[in-house]
Amino acid sequence: MGDLTVSIHNLKLKNPVLTASGTFGYGLEYDDFMDVSLLGGIVVKGTTIHPRQGNDYPRMAETASGMLNSVGLQNKGAKYFATDIYPNLLKYDTNILVNVSGSTIEEYIACAEIINELDHIPGIELNISCPNVKEGGMAFGTSCASIEAVVSAVRKVYHKTMVVKLSPNVTDIGELARSAEASGADSLSLINTLMAMAIDAERRKPILSTITGGLSGPAVKPIALRQVWEVAKSVKVPIIGMGGIMNATDAIEFFLAGASAIQVGTANYLDPMITLKIIDGIDDYLNRHKFSSINDIIGGLQV
Amino acid sequence: MGDLTVSIHNLKLKNPVLTASGTFGYGLEYDDFMDVSLLGGIVVKGTTIHPRQGNDYPRMAETASGMLNSVGLQNKGAKYFATDIYPNLLKYDTNILVNVSGSTIEEYIACAEIINELDHIPGIELNISCPNVKEGGMAFGTSCASIEAVVSAVRKVYHKTMVVKLSPNVTDIGELARSAEASGADSLSLINTLMAMAIDAERRKPILSTITGGLSGPAVKPIALRQVWEVAKSVKVPIIGMGGIMNATDAIEFFLAGASAIQVGTANYLDPMITLKIIDGIDDYLNRHKFSSINDIIGGLQV
Amino acid sequence: MRKTVQHLKVIANLRLNDDHHILVLQSADKLEQIHPGQFANLLVENSSTVFLRRPFSIYSVDYAQNTISIYIKIIGEGTRALSKAVVGSEIDTMFPLGNKFTLPTEKEKVLLVGGGSGVASLKSLAQSLHEKSNEVAILIGARSSKDLVELDEFSKYGTVYTTTEDGTQGVKGYVTNHPVLELELSTFQRVYSCGPEPMMKAVAKKAKEKSIFCELSLENTMACGFGVCLCCITTTIDGHKCVCTEGPVFNINILKWEI
Amino acid sequence: MRKTVQHLKVIANLRLNDDHHILVLQSADKLEQIHPGQFANLLVENSSTVFLRRPFSIYSVDYAQNTISIYIKIIGEGTRALSKAVVGSEIDTMFPLGNKFTLPTEKEKVLLVGGGSGVASLKSLAQSLHEKSNEVAILIGARSSKDLVELDEFSKYGTVYTTTEDGTQGVKGYVTNHPVLELELSTFQRVYSCGPEPMMKAVAKKAKEKSIFCELSLENTMACGFGVCLCCITTTIDGHKCVCTEGPVFNINILKWEI
Ligand SMILES: Cc1cc2nc3c(=O)[nH]c(=O)nc-3n(C[C@H](O)[C@H](O)[C@H](O)COP(=O)(O)OP(=O)(O)OC[C@H]3O[C@@H](n4cnc5c(N)ncnc54)[C@H](O)[C@@H]3O)c2cc1C
Ligand SMILES: Cc1cc2nc3c(=O)[nH]c(=O)nc-3n(C[C@H](O)[C@H](O)[C@H](O)COP(=O)(O)OP(=O)(O)OC[C@H]3O[C@@H](n4cnc5c(N)ncnc54)[C@H](O)[C@@H]3O)c2cc1C
Ligand SMILES: Cc1cc2nc3c(=O)[nH]c(=O)nc-3n(C[C@H](O)[C@H](O)[C@H](O)COP(=O)(O)O)c2cc1C
Ligand SMILES: Cc1cc2nc3c(=O)[nH]c(=O)nc-3n(C[C@H](O)[C@H](O)[C@H](O)COP(=O)(O)O)c2cc1C
Ligand code: FES
Ligand code: FES
């Protein structure tokens, strides 16, 4: 067994496999299938200060090797999370991060302040890249000025590990990554979903109620790898890579490109135990290639 | 049989199906398989003023529902095209567009000037979006200022139909589309390939010699549809849509999103006769839905 | 039974007609109780276009053989690929998922109304109701007689009525044209329905008018099937609910349907 | 024969061993001449991961039956899916593609050196050379005896020599360790080779030293197979050439290999 532990700022992860926000609920939904505590960490559902109903149905479209969603951050709000969900998560021996979102900087701050009080939540993932909400969301993640504004504002009130989740829908992700780092991000995660669209030709209507939505799944992996690679060249903080990871080989590719940890998203829908298989597969790879630690391959692409 | 004719500026197309640059050679390679004159048009390989060897091998990687390429505009130059290839294309009764590329504005101009002299080439597609060349290429397509510079410079020397091919690797494609239109584009085509990357985990090396390359195929269709939809809302000139079109249903989706014509790229590799099947399928669709003309469905998405 | 993902063995693939198949899938483990209304989410391998799992009602359960059967109506690539499953091969199956129909606690007279592949969710319900000595009537609507399959199975558990749009069998028209819904509805204490949305809306409307208990099993596009993607919502008086976990069975009183 | 895309019928799927299969594919049309060295590009349906066609040498042609056969070594998803082709099913096949080996115009003594699935491109070459009364020697290298298949076929057309890395059959070592290459090479007027690149490089080096005519059939990653994508280049003294149209057969004198 190789050494799978990695550090993301102050977080010590027993292995580099986390679950992506919006694809793993609060972990609880997976109790029937697996021991959630075996994971390096889980990132819970997008959370906002006020409860959100999310978008109308339909919210999903299947695409070639992928899917679109336009859930739109449906959640019962940060206070409900703190009082009704958080206590149930204490049973898990893993790092639980809350994915924090908002329509205004004030909302981000208010939400982060509530999460900051929760002892067993060692970090947040600041979602400045959700393509499925009308105001805020992705808009924050597409310019240096707005990234600086929201990241440094939250940095003032949030004192544990702050991961900033970048949007892939941009011209120069390296530049935006540097903004986020300079504004106080302890780590960067990417990619969120790509803005996309599906049409029902027979009915001549968009499939999603919101017309456009976010693309995820193996279709996006090549784009995600490229962006992780670019961000890894641009910043010093550790990177959490994701986008289309379906198996251990995919995960290894992200480590080689420069990610210190990875998140698994859409793949959880197809196989709820996939994260455990990926952990095993990473270990296998290290053994086969005679690496004693996962850290030996992070950024190890030979170019 | 419905009316499949469409107009792209001064071009009258017998049907809205063209082939995408770099995926159809000069048409001649398809003579064994089909009657190229049945197409609405063909866009020949990326052409530059000077001959280019293109990038080193390997130039291709298969991905989930797609592929990466980093051909890098291998071609024998505009003069060779004019003297050695162009005469062989005169046999075709279809619109032949040349995809024009360059590393500097001067190169674009010089190339467009040569093509401008060729009587049976009614238009060019200005490629400001190639992700596979070191200088120029995509860089021109990612800011309004550089789009204005190159498009208006070529406009001065090129007097037939000028289509400008946009890059999908941008934050706000609508804004860039407006720049291209304002600078004299008669039509816009999109999308070119998405910047992406593939890694060989076993060898710990990038698969492409160029590390990154361009993603095409059905994986990108949802992104392409969204960008065509955004551009259609932003400009008045006709749009030529492409990206992952594999069959007539895909093509219909692009028309509904606002494209007046479509290009078929990667699908030609899998089935060299696919374009003819797509033309038939479009006709079928019009009949089934009782539209007398393809123009009835262009931009016909009900939102 | 708690949710599991298992490779179930295809022990039979019964072709009912051109586009209706029944797959019998066997578990290596002892099956625990599965409730009427629950469904399974099947992985479609060997297809170049299908990405997500496909949900199907659990048509019947045989606890002695540890098998579940799935009734498949071919409508696209996923159902087509599954309908070709070879006996002896395995299908990666997530089950049992979703809530369940509410059964009467005392003997009642109940009506089941099914259309299309919706009938699939009603068989085990009919069986349970019958075993608990309720008086069961089953009304099945289809486009044409050839789409009416498995009627013998249903008739084991109650009186079967049919309608066909083309009049080739039973009453001509929609289920709502059948006298049992049209005229005799008030003789029933409960109505359960599953089928195309317009059909369920019509049934729900009639039940509501007569204030009869009515549960529907909804279909929906699902990415996960176990409550984590939040893609499969339906609008209720309590806000958005997930069809895959808080449904697929809903009482019409909580649905915000315009009926 | 000009390039076509046809749905060829699988009339036999011969399993040679765990990872070697031969598919016999029949055309509904009369086959015209196909040359040694040409290849086919097969579409892999029913796989969720394979997107592009997969290239394979045309192992043999039967003009009476209008069949071509394809020798498949399983190395990944595409070859695995194809190796499972069911007799009676159809495979979408683009063929014949590529150039051809240059045959001697007079009778000569020729050596064919094959390794791995590279032997597949040499059988029809051996046959043609034999039919034109050349003196044919065939040297086949493999990892182990179990990878040496179809030797009987080759021995119909000439003398077969073998090497195995583990010494389980023939001379132990690489093909370059075999006396026929090591010592007797100058007795041959031509050498043809197909196999792993290191093997072909070693063969090319020896042929070059002795100034013997030498053609190689190269492998490459291909997106189209008919010269339009420009992905399958190899570097020659005349610049980049497409392996799929200007190859797969190249004379070593034009390749820019460091040998
Ligand atoms: C809880 C639940 C239980 C189900 N039980 C059964 C069952 O027992 N037997 C059975 O045959 N089917 C059942 N279905 C429906 C079944 O899941 C779909 O028919 C199947 O997913 C279609 O997959 P496909 O790949 O063949 O078609 P696709 O290629 O996915 O779809 C083909 C066309 O049908 C439309 N479509 C797909 N799914 C649905 C849907 N659910 N409702 C309306 N339109 C749709 C698509 O938009 C598309 O236009 C159930 C669905 C749900 C949600
Ligand atoms: C002109 C030509 C003729 C060929 N003739 C034959 C033949 O007659 N019989 C036969 O069995 N094979 C032949 N091949 C090789 C065959 O095309 C590949 O084995 C096949 O494409 C692999 O597909 P896959 O999906 O099984 O593996 P993939 O999943 O595509 O690949 C599995 C692994 O093998 C590597 N790989 C894939 N293709 C190649 C390659 N061509 N060279 C080196 N590494 C590769 C990949 O990088 C990957 O790591 C030929 C190839 C060419 C170009
Ligand atoms: C249904 C769905 C809901 C999602 N919700 C969120 C969310 O609330 N917050 C967020 O930051 N990302 C969200 N994401 C994005 C994922 O966390 C992840 O960034 C993306 O799906 C790419 O990874 P994948 O390809 O492995 O799924 C969601 C993705 C899906 C598919
Ligand atoms: C191998 C290859 C080479 C290409 N070369 C060019 C080119 O020279 N000029 C250009 O504008 N686009 C080029 N493209 C992009 C295509 O024209 C098209 O924009 C893209 O592939 C998306 O369409 P598709 O998904 O249908 O392939 C190339 C694409 C591929 C796959
Ligand atoms: S399908 Fe994912 S929550 Fe219901
Ligand atoms: S494979 Fe496309 S040019 Fe050779």
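A note on names: the letters A, B, ... follow the listed sequences, proteins ahead of strands, and every chain is numbered from 1. Only a predicted model underlies this, so the values are computations on that prediction, with no experimental measurement involved.
Ranked by non-hydrogen atom pairs under 4.5 Å with chain C, the options A:M67, A:Q74, A:M273 are led by A:Q74. Put simply, of A:G54, A:P272, A:A64, A:P58, the one with the most heavy-atom pairs under 4.5 Å next to chain C is A:P272. Top candidate by heavy-atom pairs under 4.5 Å with chain A, chosen from C:V5, C:N41, C:T234, C:L52, is C:L52. Most heavy-atom pairs under 4.5 Å with chain A, from the set C:T235, C:T221, C:T245: that is C:T221. The greatest number of non-hydrogen atom pairs below 4.5 Å with chain C, out of A:G66, A:P218, A:G25, A:G22, is found for A:G66. Ranked by heavy-atom pairs under 4.5 Å with chain A, the first of C:M222, C:H240, C:R2, C:M94 is C:H240. Contact tally against chain A (heavy-atom pairs below 4.5 Å) for C:T49, C:V50, C:N220: the top residue is C:N220.
Taking all atoms of both residues into account, the shortest heavy-atom contact from C:F51 to A:G217 is CZ-CA, 4.4 Å. Nearest heavy-atom pair, A:Q53 versus C:G239, reported as atom, atom and distance to 0.1 Å: NE2-CA, 3.3 Å. Heavy-atom minimum distance, A:N69 versus C:C231: CB-SG, 4.2 Å. Taking all atoms of both residues into account, the shortest heavy-atom contact from A:N55 to C:I233 is O-CD1, 3.7 Å. Between A:E29 and C:V228 the shortest heavy-atom distance is CB-CG1, 3.4 Å.
Counting non-hydrogen atoms of other residues, nucleotides and ligands closer than 6.0 Å to NZ of A:K76 gives a total of 12 or fewer. Heavy-atom neighbours of C:H7 NE2 from other residues, nucleotides or ligands within 6.0 Å: above the threshold of 12. A 6.0 Å sphere centred on NZ of C:K256 holds no more than 12 heavy atoms belonging to other residues, nucleotides or ligands. Shown here is C:K205, whose NZ atom has no more than 12 heavy atoms of other residues, nucleotides or ligands within 6.0 Å. Residue A:K79 qualifies as open at atom NZ: its count of foreign heavy atoms under 6.0 Å is 12 or below. Other residues, nucleotides and ligands place more than 12 heavy atoms under 6.0 Å from the NZ atom of A:K45.
For chain C, the nearby part of A:T266 is the side chain; its heavy atoms alone come within less than 4.5 Å. Heavy atoms closer than 4.5 Å to chain C are found in the side chain of A:M246, but not in its backbone. For chain C, the nearby parts of A:Y57 are the backbone and the side chain; heavy atoms of each come within less than 4.5 Å. Heavy-atom distances place both the backbone and the side chain of C:L230 under 4.5 Å from chain A. For A:Y26, no part lies under 4.5 angstrom from a heavy atom of chain C.
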Q | Derivation and outcome, side chain to side chain contact (heavy atoms under 4.5 Å, CB included), residues C:R53 and A:Y269 | A | CA-CA 8 Å; C:R53 286 176 183 264; A:Y269 302 154; over 6 Å; no
